[in-house]
Amino acid sequence: MVVDFAEMEKKWQRRWSEEGLERSDIDPNKESFFLIFAYPGVTGYLHVGHMRGYTISDAICRYKRMRGFNVMFPVGTHATGNGAIAFARRVERRDPDTLETLRENGCDSETIAKLADPISVVNYFNEVYLNNYWKRFGFLSDWRRFTCTIYPDYEKFIEWQMIKLNKAGLLMQKPYFAAACPEHGPVAIDASETDLQRGGSAELVEYVALKFKMEDKFLLAATLRPETIFGLTNFWVNPKADYVVAEVGDEKWILSMAGAQKLVEQREDAVIVAHIVPSDLIGTVCIAPYTGKEIPILPSELVDPGVGTGLVMSVPSDAPYDWIGLVDLREHPEKLEGLNVTLESLAKIDPIPIIKTPGWGPLPALEICEKMGIKELSDPKLEEATKEIYKSGFHRGLMTEVAGEYAGMPVEQAKDMIKSLLTESGEAIDFYDLSEEVVCRCGNRVMIKRIPDQWFIDYADRELTDKSKSHAEEMSIFPREYYDNIQGILEWFRERACVRQGNWLGTKFPLDRKWIVEAIADSTLYPVYYLISMYANERLISPENMTEDFFDFVLRDEGGAEEVAEKCGIDSALLLRIRDEVSYWYPLSINLGGKEHMTVHFPVFLMNHVGLLPKKYWPRGIIVNWYITGGGGKISKSKGGAQPIPGAAAKFGVDPLRLFYAHVASLYVDVAWDDDKVEHYKNRMLRLFSIMDELLSAEEKPRSRIDDWLLSRLNERIRRINEAMDVYDIRSLANEVYFELPADLRWYTRRGGAFRGTIESFLETWIRMLTPITPHVAEELWHGLGRKSTVSAERFPEPREDWSNPSAEAEEEYLRGLIEDISQILKVTKITPDKLVITVATDWKMELFYMACQMARSGNRDVGVLIKSAMGMELPGADKKAVLKFAKSLMADLAKMTDDLLDRISSKFDEVGVLSSSADFIASYFGASEVVIQKADDEKRYDPTGKADAAKPRRPSIFAE
RNA sequence: GCAGGGGUAGCCAAGUCUGGCCAACGGCGCAAGGCUUAGGACCUUGUCCUUAGUGGUACCACGGUUCGAAUCCGUGCCCCUGCACCA
């Protein structure tokens, strides 16, 4: 079968657009359904995996539309941040990978030339997403409402949001420590390294820097383990490093040059005033904070001047590096040459037990070095040893008696207490650093900078948190696990920095225009903005009209129409129209987004709604989707999927892709992309056309029992599908519609079904059900059936009483069970049957069976009672022994059955009748020339092996020869 | 570190909340047959062991609750994901 998917897609998309199916306007007679997917960030081309969530969104919306809802499904893009800037920079410096990607995606050189400008990048990709992705995939989205976070009208909306947050008391300012380049200001540290030359995976490290008194100055040692001060034995200085004196207030601090530069970023009052040579330090002593202990200063080349403050306090009991450092000096006295340190003084240094950890002796560092055979400072195992000791000591260790008032306390707890004690007494300061070297694009080293007046949104606010949590309980949140987890996430969510400076696209912060609103903060309330964007896009309102009063009125029902209209300079009728639009469509029914939004976007989306909009506008649902990946994580070339999205659409067809997304797995697991799989879905699509052809061209036969069966099955599946879609289980819909129903159809045909009326009813119903997932194919088939309407605008089937036929289904199930049994027997015996004898149980067994069913249904499954009643019954032809035996096995069977099954099995039907009318079918199925149907009590029965009496109700005995 | 998810037959993947039509949906792969005769198409049957339709063994491992467990509880082993100025 040849199907030109591309042409078919174009044809129907044009038709939908002509009919305006995608447009969403108020209709007071219909209930609204409003779904968005979390808009993508504009950072480059998307790949086929990204289309999964979007496609599911469209399928859900199409389903809802067909169920009679008035559906709103707008799309937009998120351009805030540095993604577009980074992209433009790559184009500007003609990065080969970037240029190749652009060309692969069909971007001509003229366009490429324009993409050195970030705004052009945004505009370019907005077009790509809209035309090459979303429209290409047949989405029925209201394109008039498209918006982007850097549009001037959108920015007015964000300004309003920030103003309202402030008025609601949800903004606050406090110091903050963030990565920054000394020249270019704030930079983003992330793996894509858009701002950086290297160091994208660095993390923020919070040290405590302890002050060790030395004459009139302090040595500043950064540590992660302040609780180990009790085990201090010495101090480490790198004999080759560059040290300086920094003046901080009226104190003089000594630290490495690099450390001092970091210090300057973190404290405005710090100034570097002098250099100092390491040999002036080594060999002298300093006084430890808190304990007041005097300790010697020793050399160690392992002290990295670039890490922390470039000075290290030594705790050989628990730090393998420190222990081996001492060992090293003892064994290499030449390292002490020219330094004022004697071997005798070294020999006096003994590790002090400070932490008792289960499984370890008093000096774990010595122990682990021994165990792992570490003897040299150059041994790479030192790192592992350090981690091991730290992990077990921190989680399970207790402070020993040397810790004074902290003795016996868990390390985890002592650490925090000692830290705050030292910082509060001025004996230590917080000191921030990065876990690895981070270098800005400009070549400068990125450091942690103190931002004294950072703005935050106070998501820790008690009232806001509580309201959000209780509202989340009322929402439809999928999957179930996330419904449960979101409670904890909302509780955990703290203040969040909401503005930033630097190289960044986004809205200027209205309270202080030196800031730009950060990328999560401007993407929380936006679903409601789609209800306004259309008016801005159509130039009915302009950004100047979009004042605080305007938004207050349309989003919060505040103020009088006339008065507000005058203030913001637009017509009051228009103002009312926009407000009505909001109140008709809002709240949002579903926000669908990827799993990465679970701890970031979804909570703030919810809390901003709760904090700023009236309760009637709080969102109703969230769906989280997992990804299509390439086996290892990213989409890879080996398994396919690396091609641009339009290429995939051309290769496989849009509908096969849509079916792949919907059926390959539930939304809540990651799935690897696989060309072969998609290819199979394509075949499945093609098959739909031939199925219809075959059905319609078959020679008609009169209506029979199998017609009842098919319609009843169809009806049951409709019921199941609608039930599944109540919880957005799109995979179940796909499974029933694309796999189960065709299987039913095959059985129907095989059983001789070919009644035109049934076939048309079936097709008509089935094609409607194909529409949400594979709309183009559905339209094509719908018209192939001679319908003139667009099926996308038709109603989705609902169960109908007149199709339901439980007895027809029961009969067919009985027959299929029998066929299975016969197959079993033939398989085991390897008989090719010429004659099949099927014997139905005797009447008295039937009678007993029904009675037992009645008993079981009324809750009585006791064998004794059954036997007693059986004995009292008149059962012609039955002997007591047989009755007893049968009653026992009967109750054993019934005991295992569910009520539902009991109900079904209890209804009477005529086994002999069903079998007689199917005898020909059974014969042809097995290629037998004769099928005999008989009753067990038939005197003329054919029973060469004496099996006939084994027949039970619903389980006839079988003999083959 | 903080939080969360998961281990199901050769592979992917339903089922687990609400225990019982579950030897476990569906797909893929494989085998046989059919159709057709080069099309990666389609249809049928089979695909844990055993067996005249029975029985046994199975849903990471071990233990428990129950008349009954893939499903509930406990312990252990293994894998994965997200984490805030990256959207």
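Worth knowing before you read on, the calculation uses all heavy atoms, side chains too, and leaves out hydrogens, waters and symmetry mates. Small disclaimer: the values here were computed from a predicted structure and weren't measured.
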Without hydrogens or angle criteria, can the side chains of [X] and [Y] be said to hold a donor-acceptor pair below 3.5 Å?
X        : Y        : answer
A:Thr749 : A:Arg746 : no
A:Tyr661 : A:Asn625 : no
A:Glu518 : A:Trp504 : no
A:Asn126 : A:Thr77  : yes
A:Tyr942 : A:Glu961 : yes
A:Asp453 : A:Trp455 : no

Row check, A:Tyr738 ring normal vs A:Arg684 NZ/CZ: under 6.0 Å, within 45° |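 That pair does not qualify as a cation-pi contact.
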Can you find a side chain N or O atom of A:His601 that sits less than 4.0 Å from OP1 or OP2 on B:rA84?
->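 No, because none of the side-chain N or O atoms of A:His601 sits under 4.0 Å from OP1 or OP2 of B:rA84.
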Short side-chain N/O contact from A:Arg750 to OP1 or OP2 of B:rU45, under 4.0 Å |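 Yes.
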Take the protein atom [atom1] of [X] and the nucleotide atom [atom2] of [N], then report the distance between them rounded to whole Å.
X        : N      : atom1 : atom2 : answer
A:Glu481 : B:rA3  : CD    : P     : 18 Å
A:Phe921 : B:rU44 : CZ    : C1'   : 11 Å
A:Met607 : B:rA84 : CE    : C1'   : 11 Å
A:Leu686 : B:rG39 : CG    : P     : 16 Å
A:Gln413 : B:rG1  : CD    : C1'   : 18 Å
A:Arg480 : B:rU71 : CZ    : P     : 19 Å
A:Ile486 : B:rG5  : CD1   : P     : 14 Å
A:Glu694 : B:rA41 : CD    : C1'   : 12 Å

Base-pairing assignment for [N] (Watson-Crick or G-U wobble, both under 3.5 Å):
N      : answer
B:rG29 : B:rU47
B:rU54 : none
B:rC42 : B:rG34
B:rC72 : B:rG64
B:rG4  : B:rC80

Is there a donor-acceptor pair closer than 3.5 Å between any side-chain N or O of A:Thr149 and the backbone N or O of A:Gly506?
->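 Pair absent, no side-chain N/O of A:Thr149 close to backbone of A:Gly506.
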Roughly how far apart, to the nearest Å, are [N] and [M] at atom [atom1]?
N      : M      : atom1 : value
B:rC30 : B:rG10 : C1'   : 9 Å
B:rU45 : B:rG26 : P     : 12 Å
B:rG33 : B:rG82 : P     : 49 Å
B:rG63 : B:rG46 : P     : 36 Å
B:rC62 : B:rC67 : P     : 23 Å
B:rG7  : B:rC60 : C1'   : 6 Å
B:rG6  : B:rG53 : C1'   : 39 Å
B:rU8  : B:rC42 : P     : 28 Å

Is it true that A:Glu227 and A:Lys419 have a side-chain N and a carboxylate O under 4.0 angstrom from each other?
->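 Not counted as a salt bridge, because no side-chain N and carboxylate O are separated by less than 4.0 Å.
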Would you mind checking if A:Lys174 and A:Glu495 are paired as a salt bridge, meaning a charged N to carboxylate O distance below 4.0 Å?
->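 Counted as a salt bridge, because a side-chain N and a carboxylate O are separated by less than 4.0 Å.
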Sugar-phosphate only, base, or nothing, as touched by [X] at under 4.0 Å among non-hydrogen atoms:
X        : answer
A:Tyr925 : sugar-phosphate
A:Thr829 : base
A:His663 : sugar-phosphate
A:His597 : nothing
A:Trp626 : nothing
A:Gly81  : sugar-phosphate
A:Asn735 : base

What protein N or O atoms touch nucleotides 46-51 of chain B N or O atoms at under 3.5 angstrom, if any, and at what distances?
none

Between [options], which nucleotide has the shortest distance from any of its atoms to the side chain of [X]?
X        : options                : value
A:Arg746 : B:rG26, B:rC43, B:rG82 : B:rC43
A:Val600 : B:rC83, B:rG4, B:rA41  : B:rC83
A:Trp492 : B:rG82, B:rC17, B:rC2  : B:rC2
A:Asn485 : B:rC43, B:rG4, B:rA52  : B:rG4

Identify, with sequence neighbours excluded, every residue that meets side-chain contact (heavy atoms from CB on, under 4.5 Å) alongside A:Arg720.
->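 Counting only residues at least two positions away or on another chain, A:Arg720 forms a side-chain contact (heavy atoms from CB on, under 4.5 Å) with A:Glu716, A:Arg717, A:Glu736.
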Are there any protein N/O atoms within less than 3.5 Å of an N/O atom in nucleotides 11-13 of chain B, and if so, which ones and at what distance?
unit_1	atom_1	unit_2	atom_2	d
B:rC12	O2'	A:Lys677	NZ	3.1

Evaluate the side-chain proximity of A:His50 to A:Pro40: yes if any heavy-atom separation is below 4.5 Å, no if none is.
->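 The answer is no; the side chains never approach within 4.5 Å.
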For residues 476-486 of chain A, tabulate all N or O donor-acceptor pairs below 3.5 Å that involve a side-chain atom, not counting sequence neighbours.
unit_1	atom_1	unit_2	atom_2	d
A:Tyr482	OH	A:Met598	O	2.8
A:Tyr483	OH	A:Glu473	O	2.6
A:Asn485	ND2	A:Glu481	O	3.4

Given RNA chain B, 5'-ward residue of the pair A:Ser732 and A:Gly41, judged by closest heavy atom |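 It is A:Ser732 whose nearest nucleotide is closer to the 5' end.
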Nearest-nucleotide comparison on RNA chain B, the residue closer to the 5′ end among A:Ile831 and A:Tyr681 =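 Between the two, 5'-proximity favours A:Tyr681.
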Non-neighbouring partners of A:Phe959 that pass ring pair (Phe, Tyr, Trp, His ring centres under 6.0 Å), sequence neighbours left out |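 Listed in chain order: nothing, the list is empty.
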What do the steps show when you test A:Phe125 against A:Tyr45 for ring-ring contact (aromatic ring centres under 6.0 Å, His included), and what is the final call?
-> CA-CA 7 Å; A:Phe125 281 111; A:Tyr45 295 101; 4.9 Å; yes
So which of residues 952-961 of chain A are in contact with RNA chain B, with a heavy-atom cut-off of under 4.0 Å?
->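 Only A:Arg955, A:Pro956, A:Ser957, A:Ile958, A:Phe959, A:Ala960 qualify.
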